[in-house]
Amino acid sequence: MTSTEDFVVQLALDKGVITQAQVDAAREQIAQHSDLSAPPPKVTDVLVTEKVVEPQQFSKLLAAEFGLQAVDVSMIRTPGELINYFPRDMANRYKAYPLAKDGKKFRIAISDPLDVQTIDEIGHVLNLTIEPCVAPAADIKQAIERLYGKDAGSMDQFLDKMTEGGEDDGVSTRGPVADGKEADGPIIRLVHSVIMEAIQRRASDIHLEPMEKRFRIRYRIDGVLLEVENPPKRLQLSIISRLKIMANISIAEKRIPQDGRIQVNVGGKSLDLRVSSLPTVHGESIVMRILDKEGLQLGLPELGFFSDDQAIMEKLISLPDGIFLVTGPTGSGKTTTLYSCLHFINKPDRKIITVEDPVEYQLAGINQVPVRHDVGMSFASALRAMLRQAPNIVMVGEIRDLETAEIAINASLTGHMVFSTLHTNDAPGAINRLTDIGVKPFLVSTALRAAMAQRLVRKVCKQCKKPYTPDTEEIRSLNITPAQAANATFMKGAGCPNCNATGYRGRYGIFEMFIVNDEIRRMIYDGAGTGKLREKARALGMRTMREDGLRKVLTGATTIEEVVSITVGDVA
């Protein structure tokens, strides 16, 4: 396969910009390269150094060949707000310079228009259509330093500074961490800086993923993964080993998945990092989930309930017995919702016990039991033992099998209020899920009080939100009526430093509340399917997640795009 350099040289030869004799002289000079500590120069580099050709000429040739525009980045004044859309780490990683943004189009300067993969990746990360222009690599590097500041170096420069010594990063680690001189090493401080940056950006997860030729780091912020500047591939094993030591898991074992936990203290705040390692083709992938013990908001209003739904919710969770289920995929906020319910009903005259795998957040006044499969403490065995403690309220982290389900149902039938979660796509689907694992329909109909499905949507950033008018396609996607549109307050975030230029900051829930009344109970007893149960619930006034999301769109709390991307259309 012809390299970019060969293509450029041949193009310059064909256009008469250079001669074959000049190319041969450059290659002879490269052959005499004796500095083994540095890679040999390219033919184009030698031609520029010897002033045979100007670097701008190569850019103009490439631009003309591909129908692009050649630009002089030294003469372009980039708007400051573009830094929010295209941060320094992206500019350094992709060796690209931001030029302008017009709606969904984003213009950048790159030196190699043949690198289609980089152009596509930038477009995917930004969710914008990229319009590439061509400029010399050296000019792009200088322009990046000028726009972002000379102190904004690459990951290698950062490591060099750490090796020389630097300031405290504000993170202290508790647990099996090596002491002595190693604690001042560059890898230690690099790992701490990655954790610190994730916390500052409000990330919920840190993903460290080994690729074939690079070591990728991504943060999940408000449910969306954002790639940050990657460390050199050569540091992959050192970084992974450091994290495994911090998490107290074996650094010698690289063939099987492992789980651990890291405790960190940032600015006086205690945080837990739940660490998972998974062997992949190119090394071990590490995911750290950040659990903020002190930052969890436990009030029901913070979950995203409107006043009418909150009143229904408060009534349901205050019942003396029965089962209340929260359903949804992983990461949809089910555990946070259950904790909020327990916080609301946690009174001195009630005994509350939970069994969780693992205990993510510690709640005052509540007995929390962790699952320990290594010693035989499963959900079912823990739940069986908990009932001998005479609790009023029981929370089971997840109903996974028939044994756990039957014990939970029997507990609800003997005067306990039971909260738990299931993995189903909608609220009526909880019925079929329970019967599929073997629970008798008559037990489900007798014990279940309600099931609530939920998803998380991003909230429009309060600091940069602006009114906007959705187009016809957006209106049609949520079946918004003219009357609803006339009374709506549609909002969209313009992008600012407060929201990392995304237009969103924070998330809350959209809900689907399936209440079991006498009619629904009779249908469950008769073995009705999810479709019929859903139709009946809709007839009785159940609001779907998409309809609840629409209500939040009309008030300007979130956007049409968010609700459409996270929910499915309602079947008539």
Side-chain angles (χ1 to χ4, degrees), residues 85-96 98 106 108 110 112 115-128 130 144 148 152-160 162 169 171 186-247 249 251 254-255 257-260 262 273-290 330-331 500-502:
Y85 287 95
F86 202 71
R88 182 185 68 241
D89 56 358
M90 288 187 66
N92 286 332
R93 180 166 70 253
Y94 296 118
K95 296 178 175 60
F106 197 79
I108 61 170
I110 58 173
D112 183 7
D115 190 358
V116 179
Q117 181 178 349
T118 292
I119 297 171
D120 289 344
E121 191 170 332
I122 294 173
H124 178 72
V125 171
L126 297 179
N127 194 24
L128 296 172
I130 302 302
I144 290 173
Y148 298 97
S154 65
M155 182 68 73
D156 284 319
Q157 291 172 321
F158 176 65
L159 288 171
D160 290 340
M162 290 195 305
D169 58 12
V171 181
I187 296 299
I188 307 297
R189 298 172 60 192
L190 173 58
V191 168
H192 281 191
S193 71
V194 168
I195 295 173
M196 185 65 167
E197 184 182 2
I199 293 168
Q200 290 174 342
R201 292 196 183 194
R202 304 177 298 104
S204 60
D205 304 275
I206 305 173
H207 295 250
L208 299 98
E209 303 160 313
M211 305 284 117
E212 182 179 5
K213 296 182 179 179
R214 62 193 180 104
F215 186 43
R216 182 169 68 177
I217 297 181
R218 295 191 290 177
Y219 298 151
R220 189 181 296 279
I221 303 173
D222 293 334
V224 178
L225 284 170
L226 172 69
E227 186 170 349
V228 297
E229 187 175 3
N230 302 326
K233 177 72 173 176
R234 59 186 169 82
L235 299 181
Q236 175 180 312
L237 289 176
S238 299
I239 292 172
I240 291 175
S241 296
R242 170 60 183 170
L243 287 170
K244 292 174 75 173
I245 290 172
M246 293 171 69
I249 57 181
I251 62 173
K254 301 177 182 179
R255 300 165 299 172
Q258 297 185 80
D259 295 304
I262 300 172
L273 276 64
R274 216 169 75 199
V275 181
S276 170
S277 75
L278 179 70
T280 68
V281 174
H282 302 295
E284 289 178 280
S285 173
I286 300 284
V287 175
M288 294 182 284
R289 185 175 183 187
I290 302 172
T330 301
N500 290 321
T502 62

NZ (K233) with more than 12 external heavy atoms under 6.0 Å:
yes
Mind checking the CD-CD1 spacing from E284 to I240? Nearest 0.5 Å is all I need.
6.0 Å
With sequence neighbours excluded, what pairs up with S285 under the side-chain hydrogen bond (donor to acceptor under 3.5 Å, both in side chains) test?
none
Set of residues satisfying side chain to side chain contact (heavy atoms under 4.5 Å, CB included) with respect to I119, sequence neighbours excluded
I110, I130, P132
Atom NE2 in H207, atom CZ in R289: separation rounded to 0.5 Å?
10.5 Å
Counterpart residues, side-chain hydrogen bond (donor to acceptor under 3.5 Å, both in side chains), relative to D115 (two or more places apart)
T118
To the nearest 0.5 Å, what is the distance between CD1 on I286 and CG on L273?
11.5 Å
To the nearest 0.5 Å, what is the distance between CD1 (I249) and OG (S276)?
8.0 Å
Is a side-chain N or O of E197 found less than 3.5 angstrom from the main chain of V228, in a donor-acceptor match?
no
What I'd like to find out is whether the side chain of R255 reaches to under 4.5 Å of the side chain of P279, using heavy atoms alone.
no
Any non-hydrogen side-chain atom of V275 less than 4.5 Å from a side-chain atom of L243?
no
Do you know the tightest heavy-atom contact between A96 and F86?
O-CE2, 3.5 Å
Check: H192 and R242 side chains under 4.5 Å, non-hydrogen atoms:
yes
Derivation and outcome, side chain to side chain contact (heavy atoms under 4.5 Å, CB included), residues R201 and L226:
CA-CA 10 Å; R201 292 196 183 194; L226 172 69; 3.2 Å; yes
Check against side chain to side chain contact (heavy atoms under 4.5 Å, CB included), I108 and Y94:
CA-CA 11 Å; I108 61 170; Y94 296 118; over 6 Å; no
Could you tell me whether R93 and E121 have a side-chain N and a carboxylate O separated by less than 4.0 Å?
no
Going by an N to O cut-off under 4.0 Å, is there a salt bridge joining R274 and D259?
no
Stepwise side chain to side chain contact (heavy atoms under 4.5 Å, CB included) check, L126 with M90:
CA-CA 10 Å; L126 297 179; M90 288 187 66; 3.9 Å; yes
Residue list, side chain to side chain contact (heavy atoms under 4.5 Å, CB included) with I251, at least two apart or on another chain:
K244, I245
Quick check for you: to the nearest 0.5 Å, what is the distance between F106 atom CZ and N127 atom CG?
13.0 Å
When rounded to the nearest 0.5 angstrom, what distance separates CD1 in I239 from CZ in R234?
9.5 Å
Give the C-alpha distance, both sets of side-chain angles, the deciding distance and a yes or no for side chain to side chain contact (heavy atoms under 4.5 Å, CB included) between H282 and R214.
CA-CA 10 Å; H282 302 295; R214 62 193 180 104; over 6 Å; no
Taking the side chain as every heavy atom from C-beta outward, state whether M246 and V191 have any pair of such atoms under 4.5 Å apart.
yes
Holding to side-chain hydrogen bond (donor to acceptor under 3.5 Å, both in side chains), I want the full list of residues that pass it with E209, two or more places apart in sequence or in another chain.
R216, R218
Who passes side chain to side chain contact (heavy atoms under 4.5 Å, CB included) against A198, sequence neighbours left out?
A203, I206, Y219, I290
